[in-house]
Engineer: 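Dropping a structure here in structure tokens format, bear with me for questions.
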Number of protein chains: 2
Amino acid sequence: MRKSPSAARRTRQRDAIEKVIGSSDRPLALEEILAGASREVRELGIATVYRSIKLLTERGQVVSVEVPGVGVRYESSGKAHHHHFHCNGCEKTFDLHACPFTEPPSLPDGFSHETHAITIFGKCDTCGHRPKPQERRRTARRA
Amino acid sequence: MRKSPSAARRTRQRDAIEKVIGSSDRPLALEEILAGASREVRELGIATVYRSIKLLTERGQVVSVEVPGVGVRYESSGKAHHHHFHCNGCEKTFDLHACPFTEPPSLPDGFSHETHAITIFGKCDTCGHRPKPQERRRTARRA
DNA sequence: GTCGGTGCAAACCTTTTGCAATCTA
DNA sequence: TAGATTGCAAAAGGTTTGCACCGAC
């Protein structure tokens, strides 16, 4: 699986997974991808989703987005430089197209900047209106 | 373990763990804490480290710092608002005392800001000089 | 027909938990 | 001595991998 980019076949499951990620305007959790793709391909195995994501990531079509304290999300690559917003209510992650760094961040002497990741937490437009916060699920702890 | 803050005894292992975290000026990985505390308390069990960190976190003395794609680090709380720098060479995480947000980040309509996390990746002063990058260990993948 | 892909189950890794022994207060 | 804490090993969660069968080409 490492040298000649042999074959690479087109399958229903792979198509479905690619489509779900590609047609989303925000990063998706594994369960969201599994759920979405399962609508087209019943009995989709979770291992297949993992493998497909890995393949797509190696191909450079998908990038993983780690939301601190929440988990990993996946989104299609090729978007312009951007960051993420995570809703503490519905636990969905959204793209944010603003970046506070108009120039490289200032760092201590000798430190160099290569990349950076910014996640803003808060409530999305839908959850901000609701009086009662939805209950959190799973490992959603944060400092 | 949830209501009256009963006793809470002082033990060598707990002291050692607290000391390691408290005396560090940067967030530490679990292995770093284990290694450091083990110097004072031989045969320190990893479960004890996890339990102590959990306790300290619940007490508010420690906060966890998740470095995207790298893993969790722990640092003592009570520091002023700050962010983190992660060296892609030595895999150490450092505090950065600058924050690019002089005012709340602008968000889409209806979205509200509660907190944010910023991690800058690059090379620290030590690793920046080395011509050959050190080899990465474990699960240090990043998009 | 080939050989890549899939699904299932086992393997892995990291973190948590049960329990008997140990240690603090 | 009572009850918190520890260490070990088992359990739990999430992700990866081995393998036989299936399906794209």
Side-chain angles (χ1 to χ4, degrees), chain A residues 1-20 28-35 37-38 40-59 62 64-74 91 136-142, chain B residues 1-19 28-35 37-38 40-59 62 64-74 91 136-143:
Chain A
M1 62 162 84
R2 33 204 36 113
K3 20 180 43 189
S4 49
S6 49
R9 293 173 182 171
R10 173 167 278 269
T11 63
R12 294 177 308 130
Q13 22 282 83
R14 210 112 100 186
D15 282 350
I17 292 165
E18 260 180 86
K19 186 175 158 192
V20 169
L28 299 176
L30 190 97
E31 304 81 53
E32 294 179 295
I33 297 170
L34 178 61
S38 293
E40 303 213 359
V41 184
R42 298 187 321 97
E43 315 177 332
L44 178 59
I46 197 165
T48 298
V49 180
Y50 277 115
R51 278 188 282 230
S52 295
I53 289 174
K54 189 177 182 184
L55 177 74
L56 292 171
T57 299
E58 288 169 347
R59 274 188 190 166
V62 164
S64 60
V65 174
E66 196 165 318
V67 182
V70 175
V72 186
R73 306 280 124 114
Y74 305 91
E91 297 286 329
R136 282 302 169 53
R137 43 300 196 9
R138 350 242 265 81
T139 43
R141 15 97 196 172
R142 198 169 312 115
Chain B
M1 64 162 84
R2 32 205 37 117
K3 19 179 47 190
S4 49
S6 49
R9 291 173 183 173
R10 173 167 279 270
T11 63
R12 293 178 308 130
Q13 21 283 83
R14 210 113 99 187
D15 283 349
I17 292 165
E18 261 180 83
K19 187 175 157 192
L28 300 176
L30 190 98
E31 305 81 54
E32 295 179 294
I33 297 170
L34 178 61
S38 292
E40 304 213 358
V41 185
R42 297 188 321 97
E43 314 178 334
L44 178 59
I46 197 165
T48 298
V49 180
Y50 275 115
R51 277 188 283 231
S52 294
I53 288 173
K54 189 177 182 183
L55 176 74
L56 293 170
T57 299
E58 288 170 347
R59 274 188 190 166
V62 165
S64 59
V65 174
E66 196 166 318
V67 183
V70 175
V72 186
R73 305 280 123 115
Y74 305 91
E91 296 288 329
R136 282 302 169 51
R137 41 304 193 9
R138 347 243 269 83
T139 43
R141 20 107 191 163
R142 198 169 313 112

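Just so it is clear: chains get the letters A, B, ... in the order the sequence lines come, proteins before strands, and each one is counted from 1. On a predicted model such as this, the values are computed, not experimentally measured, just so you know.
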Engineer: Keeping A:E32 on the side-chain end and A:A29 on the backbone end, is there a donor-acceptor pair under 3.5 Å?
Structural biologist: yes

Engineer: Quick one: OH on A:Y74 to CG on A:L56, what's the gap to the nearest 0.5 Å?
Structural biologist: 11.5 Å

Engineer: Quick one: which protein N/O atoms are closer than 3.5 Å to N/O atoms of nucleotides 21-25 of chain C? Pair and distance per line, please.
Structural biologist:
residue	atom	partner	partner atom	Å
C:dT24	O3'	B:R10	O	3.3
C:dT24	O2	B:R9	NH1	2.9
C:dA25	OP1	B:R10	N	3.3

Engineer: Which residues pass the side-chain hydrogen bond (donor to acceptor under 3.5 Å, both in side chains) test with B:Q13, not counting sequence neighbours?
Structural biologist: none

Engineer: Of all residues at least two apart in sequence or in a different chain, which pass the side-chain contact (heavy atoms from CB on, under 4.5 Å) check with A:V49?
Structural biologist: A:I17, A:L30, A:I33, A:L34, A:L44, A:I53

Engineer: Please report, rounded to the nearest Å, how far the C1' atom of D:dT6 is from the NZ atom of B:K54.
Structural biologist: 16 Å

Engineer: Please list, chain by chain and in numerical order, all residues satisfying side-chain hydrogen bond (donor to acceptor under 3.5 Å, both in side chains) with A:R12, sequence neighbours excluded.
Structural biologist: none

Engineer: Name all residues meeting the salt bridge (Lys or Arg N to Asp or Glu O under 4.0 Å) criterion together with A:E18; count only those two or more places apart in sequence or in a different chain, and write none if there are none.
Structural biologist: none

Engineer: B:E58 has an atom CD; how far is it from atom C1' of D:dA4, in whole Å?
Structural biologist: 15 Å

Engineer: Can you tell which of C:dG7, D:dG7, C:dT6 lies closest to the side chain of A:L44?
Structural biologist: C:dG7

Engineer: Could you check how far CD1 of B:I46 sits from P of C:dT17, rounded to whole Å?
Structural biologist: 15 Å

Engineer: A:R42: what forms a side-chain hydrogen bond (donor to acceptor under 3.5 Å, both in side chains) with it, not counting sequence neighbours?
Structural biologist: none

Engineer: Show me the protein contacts with nucleotides 18-21 of chain D, counting only N or O atoms at under 3.5 Å.
Structural biologist:
residue	atom	partner	partner atom	Å
D:dG18	O6	A:R51	NH1	3.2

Engineer: Report yes if at least one side-chain N or O of B:Q13 is closer than 4.0 Å to OP1 or OP2 of D:dG7; otherwise report no.
Structural biologist: yes

Engineer: Quickly work out the A:L34 CG to D:dG14 P distance and round it to whole Å.
Structural biologist: 13 Å

Engineer: Using whole Å, what does the distance between atom C1' of nucleotide C:dG4 and atom CG of A:D15 come to?
Structural biologist: 15 Å

Engineer: Find the distance B:R42:CZ to D:dT6:C1' and express it as a whole number of Å.
Structural biologist: 15 Å

Engineer: Heavy-atom distance under 4.5 Å between the side chains of A:V20 and A:L28, does that happen here?
Structural biologist: yes

Engineer: Rounded to whole angstrom units, what separation is found between the CD1 atom of B:I53 and the C1' atom of C:dT14?
Structural biologist: 13 Å

Engineer: Quick test of your reading of the model: are B:E40 and B:K19 salt-bridged, counting only N-O distances below 4.0 Å?
Structural biologist: yes

Engineer: Rounded to whole Å, please give me the gap between CZ in A:R73 and C1' in D:dG14.
Structural biologist: 14 Å

